[in-house]
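Encoded as structure tokens, the structure appears first; notes follow it.
Order of appearance sets the numbers: ligands from 1, and atoms from 1 within every ligand.
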Amino acid sequence: MLISDLDTPTLLIDLDVMEGNIHRLADYCQEHGLQQRPHTKTHKVPAIAHRQIRAGAVGISVAKVGEAEVMAAAGIEDIYIAYPVIGDLKQERLARVAAQTSVAVSVDSEEGLDALAGTAQREGCEFRIRVEMNSGFNRSGVPTPEAAVDLAKRAATSPGLKFEGIMVFPGHVWRNRERWIDVAKEEGELVMRTLDLMKQAGLDVAVASGGSTPTAFISHEVAGINEIRAGTYVFYDRSTAALGVSDYDQCAATVLVTVVSAPEPGRVIVDAGSKTFSSDRIAGGTAAGLGLDGHGRIREHPEATVGWMSEEHGMLDVGNSSHRFRVGERLTVIPNHICPVVNLFDRMVGVRGDRVEVIWPILGRGKLQ
Ligand SMILES: Cc1ncc(COP(=O)(O)O)c(C=O)c1O
């Protein structure tokens with residue numbers, strides 16, 4: 001089957017590009033003695049997780065118990081839920097996952113920790129515990145090294161739990177492209193202070209997990225970190241290219257669309273709108289500064305973008321293009337933010353050149369619980 005045989009909109013994955021992305025980061029991690037645990041929220045496909053593991057990853061990260069269930073059922077053997085798992089229903093499901101595979105969980109509250117300990121004892125399983133710390137993104141995570149030590153001690157003495165280490169997520173690097181190195185240094189200082197205090201408290205810290213796609217290749221500069229969880233790197237997207245984290249040729253995922261209407265000059269409409277691309281802007285709100293408005297870049301005509309959208313219509317901004325777009329013409333779009341786009345599709349189509357090699361159901365899509 002050829003790409004030209006596919007209906008639109010279709011999510012295409014260029015397998016050569018994806019494999020290049022996977023191996024480049026795996027090689028970097030190996031070179032710097034870092035363990036890699038990719039966040040699979042980007043692709044949500046067990047077959048891709050297996051490829052990342054074959055390339056050297058020690059396991060995977062997920063955000064949701066539902067994603068963990070899908071990955072465990074597909075034979076992934078070491079899963080980290082990098083998110084607080086709160087509520088009996090979720091914790092009981094997670095215990096069933098832990099009966100199949102080794103499970104680590106983020107914790108940033110005594111309530112969450114104690115409940116996990118109770119669940120583990122009731123269900124006869126073990127959860128590995130990573131204390132989440134806020135390193136400046138101001139999302140979840142305990143605020144200080146002292147608070148991390150308190151929680152770690154509690155984890156270390158709770159039956160059913162095994163204290164494994166700490167976790168930070170430098171999501172604010174997406175907003176601070178000039179400050180990546182500073183953010184990495186600040187994070188390293190926080191991690192080192194915490195590791196020192198934990199050592200003094202007699203705690204054994206096996207893992208200090210960090211890393212995002214923008215900072216992936218400077219992870220060795222973050223003192224104390226020995227694991228990274230970059231996820232977007234597997235496909236990259238218009239945001240990573242706009243921020244200089246990747247180039248556009250490294251964007252493995254595109255959406256194949258058809259021009260369905262071109263009623264007058266300057267008005268070109270494709271068959272994909274916000275239900276395909278999501279409404280995400282270029283990450284970090286830096287679009288205006290970079291002159292990168294819109295919802296995606298047209299690969300064949302980079303001067304054109306998806307300018308605005310309704311649910312099923314994508315209105316191209318073709319003001320800078322001399323190309324005459326015709327009804328029936330097929331284009332590929334590099335989305336602003338690939339992760340929510342993947343979540344909107346049932347399957348992705350892996351291609352090499354113009355040939356279809358594999359069709360993967362996106363088994364982890366829509367697993368919001
Ligand atoms: C906790 C956590 N770890 C890792 C990642 C992966 O980061 P990136 O999207 O920069 O690859 C994310 C992304 O949302 C995350 O929330």
Side-chain angles (χ1 to χ4, degrees), residues 18 21-22 24-26 28-29 34-44 48-49 52 57-65 67-68 71 79-85 104-108 112 129-142 164-177 179-180 183-184 187 191 207-219 222 225-246 250-253 278 280-284 286 335-343 364 367-368:
M18 179 189 83
N21 295 342
I22 289 175
R24 206 171 307 110
L25 190 57
Y28 162 85
C29 287
L34 291 162
Q35 77 182 25
Q36 194 194 358
R37 184 181 290 282
H39 207 305
T40 57
K41 51 122 202 182
T42 302
H43 57 71
K44 295 172 180 282
I48 299 180
Q52 290 171 309
V58 294
I60 61 164
S61 307
V62 298
K64 299 290 180 160
V65 175
E67 294 170 345
M71 293 293 178
I79 301 176
Y80 170 35
I81 293 90
Y83 194 94
V85 177
V105 197
S106 278
V107 164
D108 77 348
I129 299 296
R130 294 166 169 214
V131 175
E132 177 170 2
M133 302 186 64
N134 176 23
S135 64
F137 189 27
N138 294 335
R139 204 171 63 173
S140 43
V142 298
E164 184 174 60
I166 57 171
M167 173 283 218
V168 285
F169 177 58
H172 49 310
V173 291
W174 288 98
R175 299 195 288 258
N176 292 300
R177 55 202 282 274
R179 292 199 60 245
W180 287 346
V183 167
E187 188 167 86
V191 168
V207 178
S209 180
S212 65
T213 291
T215 56
F217 288 94
I218 55 167
S219 301
V222 186
I225 290 291
N226 63 3
E227 174 184 283
I228 64 168
R229 302 183 312 277
T232 306
Y233 84 98
V234 71
F235 295 152
Y236 293 114
D237 56 21
R238 187 172 177 231
S239 289
T240 59
L243 297 178
V245 171
S246 69
Q250 289 171 301
C251 294
S278 85
D280 276 14
R281 293 290 187 175
I282 291 281
T286 43
N336 283 356
H337 184 192
I338 193 58
C339 309
V341 175
V342 167
N343 193 47
K367 302 290 181 202
L368 300 180

Next on the checklist: Which heavy atom of Ala57 sits nearest to which heavy atom of Pro38, and what is that distance?
Outcome noted: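 Result for this residue pair: CB-CD, 3.5 Å.
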Checklist entry - Looking at Asp280 and Asn336, what are the two nearest heavy atoms and their distance? => result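 Closest heavy-atom pair between Asp280 and Asn336: O-ND2, 2.9 Å.
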Provide, to 0.1 Å, the distance between [atom] and the closest protein heavy atom, together with that atom's residue and name.
| atom | answer |
| --- | --- |
| atom 9 (O) of ligand 1 | Thr232 OG1, 2.7 Å |
| atom 7 (O) of ligand 1 | Phe169 CE1, 3.5 Å |
| atom 13 (C) of ligand 1 | Lys41 NZ, 3.2 Å |
| atom 10 (O) of ligand 1 | Thr213 N, 2.7 Å |

Checklist entry - Counting both backbone and side chain atoms, is some N or O of His39 under 3.5 Å from an N or O of ligand 1? => result no
Next on the checklist: Would Tyr233 count as being in polar contact with ligand 1, using the rule that some N or O on each side must be under 3.5 angstrom apart?
Outcome noted: no
Need the ligand 1 atom indices (1-based, order shown) with element for anything under 4.0 Å from a heavy-atom of [X].
| X | answer |
| --- | --- |
| Arg139 | 1 (C), 15 (C), 16 (O) |
| Gly231 | 6 (C), 8 (P), 11 (O) |
| Met167 | 1 (C) |

Checklist entry - Only one of Lys44, Lys41, Lys367 clears salt bridge (charged side-chain N to carboxylate O under 4.0 Å, His left out) with Glu67; which? => result Lys44
Any donor-acceptor pair under 3.5 Å from [X] side chain to [Y] backbone:
| X | Y | value |
| --- | --- | --- |
| Thr213 | Thr232 | yes |
| Tyr28 | Ser219 | yes |
| Arg229 | Ser209 | yes |

Checklist entry - Relative to the ring of Phe235, is the ring of His43 parallel (under 30°), tilted (30 to 60°) or perpendicular (over 60°)? => result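 His43 vs Phe235 ring planes: perpendicular.
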Next on the checklist: Less than 4.0 Å is my threshold; does some heavy atom of Ala230 fall inside it relative to ligand 1?
Outcome noted: yes
Checklist entry - Does Pro214 come within less than 4.0 Å of ligand 1, judged by its heavy atoms? => result yes
Item to check | Distance, nearest 0.5 Å, that separates NE2 of His39 from CD1 of Ile228 | outcome: 13.5 Å
